[in-house]
Amino acid sequence: MLMRIEAWGREEREPVELPESVRAETWQTLTYLMIAGGIMLFTTFSASYLVRRQSADWAPARLPDLVWVNLAVVGAASVTMELARRGGASARRWLGSTIALGVLFVAGQAIAWRQLAAQGVFLTSSPHASFFYMLTAVHAAHVAAGLAVLLAALRRAGNGQLGLCAAWWHFVGAAWAWVVMLLTFF
Amino acid sequence: MAIAQAVETGKAGHQAHGRDHGHPAGFIRKYIFSTDHKVIGVQYLLMAMLMSVVGLGLSLWFRVQLAWPGKAAMTPEQYVAIVTMHGTIMIFFVVSLALSSGLGNFSIPLQVGARDMAYPFLNMLSFWIIVPASAIMILSFFVEGGAAAGGWTAYPPLSALSGFGKVPRGSPGSGMGQTLWLLAMALFIVSFTMGGLNYVATILNLRARGMSLMRMPLTVWTYFVAALLGLLSFPALTAAAIMLLLDRHLGTSFFLPSGLVVSGQQAANVGGTPLLFQHLFWFLGHPEVYVLVLPAIGIAFDVIAAFSRRPPHGYKTSVWALLIIAFLGMIVWGHHMFTSGMNPFLGKYFSIATLLITAPFAVLGVNLLASLWRARIRFTTSMLFALGLISAVGTGGIGGLFLATATADLHFHDTYFVVGHFHLMIGVVTMTGTFAGIYYWFPKMFGRHMNETLGKLHFWGTFIGAFALFVIQHFQGFGGMTRRYFEYSADYVQPALALNPAVTWFAFLAVGAQIPFFFNFFWSMFKGKKAEANPWEATTLEWTTATPVPHGNWERLPVVSGKPYGYAEGANGDAHRMQNAEA
Amino acid sequence: MRSQRGAVSAWLLSSLLILATILTVGAFFVLKWRPEVASEHGRGVDRMITYIIFAAGFIFVVGHLVLSTFLVKFGGKGTAAYKPMTHKTEMLFTIGPVVFMVAVSELGVLAIGGPVWNQVYTHKPDDLVVDITAKQYEWISRYPGKDGKFGRKRPDLFDDQENPLGLDRKDPDAKDDIVVRGAVYLPVGKGAWFNIQSWDVLHSFNVPVLRAKQDAVPGLTTHTRIVPTAVGRYEISCAEICGPGHYRMRGFVNVKSEADFAKWLKSQVGWFE
Amino acid sequence: MIRVSALSTAPLLLVLALLGSGCGGSDGASGGGNKPAGGPGGDAGQPTGPDMKIDAGTAGSISGAVKFEGTPPTERVNSAEADAYCHGKHPDGIKSESSVIGAGGELANVFVWIKKGITGKFPLPSEPVTLRQTGCRYEPHVLGLRNGQELLIRNEDETMHNVHSLPKANEEFNFAQTKKGDEAKKKLSAQEVMVKFKCDAHGWMSAWVGVVNHPYFAVTGADGKFELKNVPPGEYEVEAWHEKFGKQQQALKVETKGDAKLSFTFKEN
């Protein structure tokens, strides 16, 4: 077998690089697909939430006010991301502030967890709390992925190639807005 | 599409490529941690073959128990675990790996005229995540309580009652085995999702110049639709798995309701809804059927075109049928749950919606059949498997009529009718498609032909065995024989029971027929008849490059000038026009 | 040479396909392929199944005949040549199957299946109400006793041997509830409305002869309605995997004449009487 | 188990991380699961200390009887219809064995053992204790054995039984014995009074097993009597356990070569 497929690897030395423009298109496909997958994930969770809340034991707890502050933070991060995307000389600075706001957001979420835990509300306290903890954790994973991407993009900031990073980042922000609305009003 | 640039790079990147300049890359980078889609495709095939030994072995073991109770040295606890693991391994670690991942990886870049997948490194990662996933799946047999035993559908509460913390234990297999099952499935989802991303990006962005969407071979179309379906439906299982894990290990109550009493022990859970899991599971599970079945049909279209020397009938309608199947496939999951206790009104809706899917499937079936009309059929092994697929799609498909009708499902739900039906669809259809693909592309993979005599032996054994085995199971289902039973005692089931030894003998035939295939596969790699670049006189792009396929697939990327199936009547009989032929 | 071998394959495969078709269709005449039916809606279910057998059988037979004919006609010696179909024929071959499939299948489910489906899920006021509780691996039925009321089931009072339904001794509704392990008693010809529950995992209340199948879901009460039409003893088998003992989770539905049923009911004492 | 729960969440988070790795670069998110360690039961296992040698010249005994006062509860009769074999053995139903009381109030199936006062290690008997499944009942209904001693479980019925133990300190087991003559050997390795055994297939079947560190335990017979032999002189606390009427303790002193008398009386609860 090894002999048979010998030829495949014979000329292997450099990976076959795609031209920049094609590469950009594949990134675009990848990003939008992942956003679609992410939307499906949060839709599934939301549907589960709406089903689960019909049980007799449903008792919505008041979320810490901090989640609204966090919403504002993530909103601001979207704005700075948008400014960074526009490019220009200050793009890197805007991207830096986006990352800072992102970190602040995650930290804020962690504090919100601790506030809730201090009130004696834990993962298993009520179904509403279970959803809160689970959804924030799942969402934080998405934010963390976004932050990693932004950090990687910091080098390239300024040459106007932040469109896809921005798309993901806006998705993450919108997802949090949706989660907060869901947990508060439904 | 920026194909032109790709061609330019192709020129630039490969002008220096020649035998003399080749640096032999290290063995490990070439064959183990290779990023070449062709190597990865073969790796997937080998992995699937390895797992099929386990999965099929398990099935023979419990078939012996079913036909001759007590002769198989098996306890009821082992039985449920074995049935569960057979289902999981065969669906996710054999069929998915061989068909979706294996042949998909090998054929997609070659058929669209790309040098490799869009993300070769991600591709390699996808494969290497499957290795620990497979290992974990198999190792779960050896933990306390044995492997997962809640059925491949893993319905809670049985699958959620882990016995960890305050959660009571539902059955021996609900403990560590179920956790490892979930872990392996999580890894599988990661791998399959990354694979799907790669497929879509490759098909959308890396097509050769001139290959519009409507010039793609049907195989590529089916992989494209299947990958999109997978990407949109797997998140539902991901969410369900997260909630199930939380229920199992951290004491939440997503799926565990109030008032549970398990083995006399009262559970602390409140308010969960077990039905929710079923909805989420089948929101993935039903599209997953199409994720597996559609590529098999796509391969059959390509194979039938090549060996009947004419373009497949109704290319456009087939593509539309695929898209409609994909859409409808996402909104009919509830037909798996007619008797589950969901609202009877929903049952009616799902029944009506599901029966609509018969229409696009009928179009595919008619197109497959009509592709033989006025053809000049060459009966190679590959073609035989594709023809077998037509029969299996028809037979399995009409079984779906019974199950999709809620009223009839009152009798058929969870009987061997279901077993026979889904084995025909995601067992026989997928595997005949896979084998058709393997015999078809083997010369391209290894530069040698597979032995035709052994191949025919393989086909006849597989087809006769599998067809008889699963059609008889339909009759057992008519007789009301329930699934997942270790032994039977009821009066009404006795006539159905009498068919069990026959089913087992046919199972031995179908599985035994794989022995010549395994032998043929490895023997032909070294000793098979040498193959030229286009041995089948087929027209799609993979046959335009040299055999064995060089790294990067083409010296110069092909430029597509026409439809994928340029078969026609020529002056001296057959004629064919390659897809990249100059106009 | 290729064409000769091709001819062999063509004949082999097409005769095999025709043989398979004949055997499959013939099996319906030879085999006792479904249990007798002993319920009102069960006859409807069978009517539905028969309808689909004819519809599906038609597709199955025609499809395989066409396939076999094509194999022989166009396989082997290269006699035929490809000419594309006209657009019109092609559309005909697309719209035809679509209309046929949709008409046949939807007509069946709407005209025959729908009414039967409704029959199974409609509670009529004078139905006998029976409470079924499933647990690993037993079926326990309950009748409301003289007062016609079911007592509440309390998980905290559950005891496998002493109180498998968790009834409260002090609850007057529960006191006279009649509890039967492993068996259900029904009068023939009278509608019975089932409340089905489960203590632990999913089970499915499955009585093939009565064509009844309804999952027992913990935390939920599911329903089904049965009108038995023949006196007899019909086995309940669990149809939803519930653990290693799934296969032996048995029970019996005893359908009795009205007089015998009344006699049986009278002979029963309440769980706490 | 704990480690795996953490492990199994990690890949899920990884999926999300990968789904999220927009334009290159990914992040290995790590999952954390926390769960209180340790199961119930506390310190299980064999007792430590020196091997005990009983001096036959000084050892005494404890004996007595257990009575029940009040109206005996009515015995429940369960239909065995679902199982043809059991139905054949008990066409009129199977009586529950939860309270077996003689005409004079003699209470059978009471487990009597020395709860406090015994230390040290005793040699294990090599022969196993047998728990039979016969006539769709467990035989005996209540039994005792030493921890670490072999328990032989045998199916003597022509039907499938399922042996399911519901311990708190020991390891749970749950397995089927599908045919007559099936045997299984099990060991319970921690002291536990009592472990309930049930058959998932036949809801009326139950057995109770007392697992004790030392050899001083007994089960009352139909006459309500028990005897603990070869007890070294000393002060002890003796417990009597009944599945329906609960537990009682009494302290007593065993003199050299003396026979200490004990009587327990259970009342309706």
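Quick note on labels: first sequence line is chain A, next is B, and so on, each numbered from 1.
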Need one label for [X]: side chain, backbone, both or neither, based on atoms under 4.5 Å from any heavy atom in chain C.
X        : result
B:Ala149 : backbone
B:Pro168 : neither
B:Arg483 : backbone
B:Glu487 : both
B:Ile357 : neither
B:Gln494 : neither
B:Trp460 : side chain
B:Ser391 : both
B:Phe412 : both
B:His313 : side chain
B:Thr482 : side chain
B:Pro344 : both
B:Leu256 : neither
B:Leu499 : side chain

Heavy atoms, side chains only, cut-off 4.5 Å: are [X] and [Y] in contact?
X        : Y        : answer
B:Phe338 : C:Trp117 : yes
B:Phe478 : C:Ile49  : yes
C:Thr224 : B:Leu410 : no
B:Leu356 : C:Glu106 : yes
C:Leu71  : B:Phe379 : yes
C:Thr94  : B:Val366 : no
C:Asp215 : B:Tyr155 : no
C:Phe70  : B:Ser308 : no

When you measure from the side chain of [X] to the backbone of [Y], do you find a donor-acceptor pair of N or O atoms at a distance under 3.5 Å?
X        : Y        : answer
B:Glu77  : C:Pro244 : no
C:Lys32  : B:Pro495 : no
C:Lys213 : B:His413 : yes
C:Trp33  : B:Gly479 : no
B:Thr407 : C:Gly113 : yes

Out of [options], which one racks up the most heavy-atom pairs below 4.5 Å with chain C?
options                                : value
B:Val493, B:Val363, B:Thr395, B:Val471 : B:Thr395
B:Thr317, B:Val262, B:Leu369           : B:Leu369
B:Gly151, B:Gly394, B:Pro274, B:Ala267 : B:Pro274
B:Gly477, B:Ala408, B:Ala490           : B:Ala490
B:Asn367, B:Leu275, B:Asp414           : B:Asp414
B:Ala498, B:Ala359, B:Ser258, B:Ser263 : B:Ala359

- Task: Kindly state whether the ring of C:Phe28 and the ring of B:Phe475 have centres lying under 6.0 angstrom apart.
- Result: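 Between B:Phe475 and C:Phe28, which both carry aromatic rings, the centre distance is below 6.0 Å.
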- Member of C:His203, C:Glu240, C:His246, C:Gln136 meeting the side chain to side chain contact (heavy atoms under 4.5 Å, CB included) criterion with B:Leu158: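 Considering C:His203, C:Glu240, C:His246, C:Gln136, a side chain to side chain contact (heavy atoms under 4.5 Å, CB included) with B:Leu158 is found only for C:Gln136.
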Residue [X] versus chain B: region with a heavy atom under 4.5 Å:
X        : answer
C:Val98  : both
C:Ile53  : both
C:Leu12  : both
C:Ser105 : both
C:Leu17  : side chain
C:Cys238 : both
C:Leu67  : both
C:Val104 : neither
C:Asp156 : both
C:Arg250 : side chain

- Heavy-atom pairs under 4.5 Å with chain B are the metric here; pick the option from C:Leu220, C:Val116, C:Leu16 that has the most.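 Counting heavy-atom pairs under 4.5 Å, the top option is C:Leu16.
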- If you count heavy-atom pairs under 4.5 Å with chain B, which of C:Asp160, C:Val45, C:Thr222 comes out on top?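 Top count of heavy-atom pairs under 4.5 Å with chain B: C:Val45.
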Work out which heavy atom in [X] is nearest to a heavy atom in [Y]; give both atom names and the distance.
X        : Y        : result
C:Pro155 : B:Gly259 : CG-CA, 3.6 Å
B:Lys456 : C:Ser9   : CE-OG, 4.1 Å
B:Pro257 : C:Pro218 : CG-O, 3.4 Å
B:Thr358 : C:Met101 : CB-CE, 3.5 Å

- Task: Might you confirm whether atom CG of C:Asp159 has over 12 heavy atoms from other residues, nucleotides or ligands at distances under 6.0 Å?
- Result: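 Yes, the 6.0 Å shell around CG holds more than 12 heavy atoms from other groups.
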- Quick check: are there more than 12 heavy atoms from other residues, nucleotides or ligands sitting under 6.0 Å from CZ of C:Phe252?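 Check passes, neighbour count above 12.
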- Task: Report the C-alpha distance between B:Thr153 and C:Ile241 in whole Å, list the side-chain angles of each, state the deciding distance to 0.1 Å, and finish with yes or no for side-chain contact (heavy atoms from CB on, under 4.5 Å).
- Result: CA-CA 10 Å; B:Thr153 50; C:Ile241 189 166; 5.7 Å; no
- Task: Please test C:Lys135 against B:Val261 for side-chain contact (heavy atoms from CB on, under 4.5 Å), starting from the C-alpha separation and ending with a verdict.
- Result: CA-CA 9 Å; C:Lys135 71 176 201 49; B:Val261 180; over 6 Å; no
- Query: Do C:Ser237 and B:Tyr488 have side-chain atoms, one donor and one acceptor, less than 3.5 Å apart?
  - Reply: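 C:Ser237 vs B:Tyr488: no donor-acceptor pair found between side chains.
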- Query: Can you list the steps and then say if B:Gln266 with C:Phe158 is a side-chain contact (heavy atoms from CB on, under 4.5 Å)?
  - Reply: CA-CA 8 Å; B:Gln266 226 189 311; C:Phe158 175 90; over 6 Å; no
- Task: Supply the atom-to-atom distance C:Phe93 CZ to B:Trp373 CH2, rounded to the nearest 0.5 angstrom.
- Result: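 Interatomic distance, C:Phe93 CZ to B:Trp373 CH2, rounded to 0.5 Å: 8.0 Å.
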